[in-house]
There are 2 protein chains.
Amino acid sequence: MWDGQVFPDSCMQVGPFEPCQEPHAGTVINAALFPNITMQCRRLQSRQCLFRAGQPCRALFIVNAGLFKTSVLSEDGRERVTGFHLRGELLGIDSFDMPTYACDAIALDTSEVWELPLSWLKGEGSDLLPFITGMLAAEIRRDWRWMLALGTLSAEQRVVAFLLDLAARLQSLGYSAQYLLLRMTRADLGSFLALQLETVTRALSHLDATGVIAVNRREIRIRDETRLRSMLTCP
Amino acid sequence: MWDGQVFPDSCMQVGPFEPCQEPHAGTVINAALFPNITMQCRRLQSRQCLFRAGQPCRALFIVNAGLFKTSVLSEDGRERVTGFHLRGELLGIDSFDMPTYACDAIALDTSEVWELPLSWLKGEGSDLLPFITGMLAAEIRRDWRWMLALGTLSAEQRVVAFLLDLAARLQSLGYSAQYLLLRMTRADLGSFLALQLETVTRALSHLDATGVIAVNRREIRIRDETRLRSMLTCP
DNA sequence: CGTTGGCTTGATACGCCTCAATGCTAGTGG
DNA sequence: CCACTAGCATTGAGGCGTATCAAGCCAACG
């Protein structure tokens, strides 16, 4: 099934997400919203940690470039990835009402975030609160969709759901919806989808074998989106 | 293992939750917070629907008595219970920024809610917004804890986690932490825990057989909380 | 060129799902 | 008061899907 490169050369620079001139309707925060503040910008390398659960929470962060994973940890060491976050998404909102962060946020690629100090948000920048509220509510709905998916779909279907979700989000940011570069490991993916990494690998291999996608390590090409989508509707 | 009644007579009236004189620190909304509005009150019978996904969203609801389940539905009919909600919890916040509700909310017992019109919240009652934000963030953290649990725990452990969680919540409302009356069906429980109803039954039966709890249909008595808790830490 | 981290694949085991039958309780109508 | 029913809960038998364990592979890197 593997027929050379997944990505044509013209797509190989999917890398760090470049600033996009037309923000996605409604959901993406951009600098135009904050004329009155010179926002702190922070760059991170892959695998670098933006914040950890338990650290004092003094700011939220807007992803401007790159990709982050957030994860929670139990007292006895069980870990779980709770989400992957692209440009325009807000990191740390879940701790909005808390003195410390509730999750870890780790860059999966060279990334850049803007810092929104909580002190500013609660004073001068309080116009933004409805916006934050909307993001919080949207996060809940997203979590619930995933809880639904994880509770009702098979391993392969979960992987398909993930690919389609990622493709749609990339597309809404102006990128190709067919060429995906998975910046996370199979283990991260498995943790998010409540699967073992071997199961993720097997699912991808099988999807490749049936021809709906082409897989080469972390490069994925979607070959038949319609068929992919149909795999979700009929159990 | 079953030795007569689970509940001593003195506990049998656990039924509809009576108003409680001392609200749980910080997290429970009560009437004292809204001196300026005469709140609409609404009573529902068991199985009655408070709102459904897709209906226009004009108000949030505070559970004052009884118990609700919320659930989401996919286009192709898969359903999943996203939570059970006791007195003091807010229903509908997940749709705060939306014109329509995003989930179904169904009473599992004779229940009572107070209505918080969105129009009021966005005008006169906007002092409450920080409060709502806190509830939203807390809901996200709760969802993540459950995602962690469902992704890392076995069937029996999930049931244990649910029982301990429910017991703690009941206790924080002033009720016994040992005598639980499950108002939901095994199917509801299974849907929430991502298990089949038979698996829930088997888990409960097995826990009963080992002596950590006593089960009689929907009545549960916790006999050894310490041992229950220890079942969660070592996989 | 060896090392390392991540990915793939195979063999096997086990936990949970599925299907099916039975039991229990509350509610209904004769 | 007692069949009768409907809805849930329980239990068992068997199969399937995913986890587990183990080995080998590949690409990146020092």
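Lettering of chains follows the sequences in order, A, B, ..., and the numbering in each one begins at 1.
Nearer the 5' end of DNA chain D, as judged by each residue's closest nucleotide, is the contact made by B:R47, out of B:R47 and B:T199.
Between B:F51 and B:F61, the ring planes lie parallel to each other; the angle is under 30°, not in the 30° to 60° tilted range.
Within the nucleic acid shown, A:A194 comes within 4.0 Å of sugar-phosphate atoms alone, with no base atom in reach, counting heavy atoms only. Nucleic acid contact for A:T201: base, since at least one base atom lies under 4.0 Å from a heavy atom of the residue.
Contact annotation: side chain of A:R202 to base of C:dG10, donor-acceptor pair present below 3.5 Å. With hydrogens and angles left out, the side chain of B:E198 and the base of C:dC19 share a donor-acceptor pair within 3.5 Å.
B:R43 CZ: 12 or fewer foreign heavy atoms inside a 6.0 Å radius.
For the side chain to side chain donor-acceptor pair (under 3.5 Å) test, residues two or more places apart in sequence or in another chain that qualify with B:E75 are A:R145.
Between the C1' atom of C:dC14 and the CD atom of A:Q196 lies a distance of 14 Å, rounded to the nearest Å. Atoms CG (A:L207) and P (C:dT8) sit 12 Å apart, rounded to a whole Å. One can place CD of B:Q157 at 15 Å from P of D:dA19, the figure rounded to the nearest angstrom. As rounded to whole Å, 16 Å separates atom C1' of D:dC8 from atom CZ of B:R183. Residue A:L204 contributes atom CG, which lies 14 Å from atom P of D:dT18 at whole-angstrom precision. Rounded to whole angstrom, the span from the CG atom of A:L197 across to the P atom of C:dG6 amounts to 10 Å. Rounded to an integer number of Å, the gap from B:M184 CE to D:dA9 C1' is 15 Å. Per the geometry, CG belonging to A:L193 stands 15 Å off C1' belonging to D:dA19, to the nearest Å.
Between D:dC8 and B:R218, no contact under 4.0 Å exists linking OP1 or OP2 to a side-chain N or O. Using a 4.0 Å cut-off, some side-chain N or O of B:S205 falls inside it from OP1 or OP2 of D:dT11. Contact annotation: A:S154 side-chain N/O to D:dG17 OP1/OP2 distance is not under 4.0 Å.
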| Verdict with supporting geometry, B:L204 and B:L163, side chain to side chain contact (heavy atoms under 4.5 Å, CB included) | CA-CA 10 Å; B:L204 288 171; B:L163 293 177; 4.2 Å; yes
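Side-chain contact between A:D188 and A:L108: present, with at least one pair of heavy atoms (C-beta onward) separated by less than 4.5 Å.
Between A:R202 and A:E198 there is no salt bridge, since none of the side-chain N atoms of the basic residue sits less than 4.0 Å from a carboxylate O of the acidic one.
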| said: I need a per-nucleotide contact map over nucleotides 23-30 of chain D, read 5' to 3'. Cutoff is protein heavy atoms under 4.0 Å; write B for the base, S for backbone only, - otherwise. | reply: ---B----
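For B:L195, counting side-chain heavy atoms from C-beta on, the closest listed nucleotide (C:dC16, C:dT8, D:dA19) is C:dC16.
Of the listed residues (B:R87, B:R183, B:R218), just one forms a salt bridge (Lys or Arg N to Asp or Glu O under 4.0 Å) with B:D109, and that residue is B:R183.
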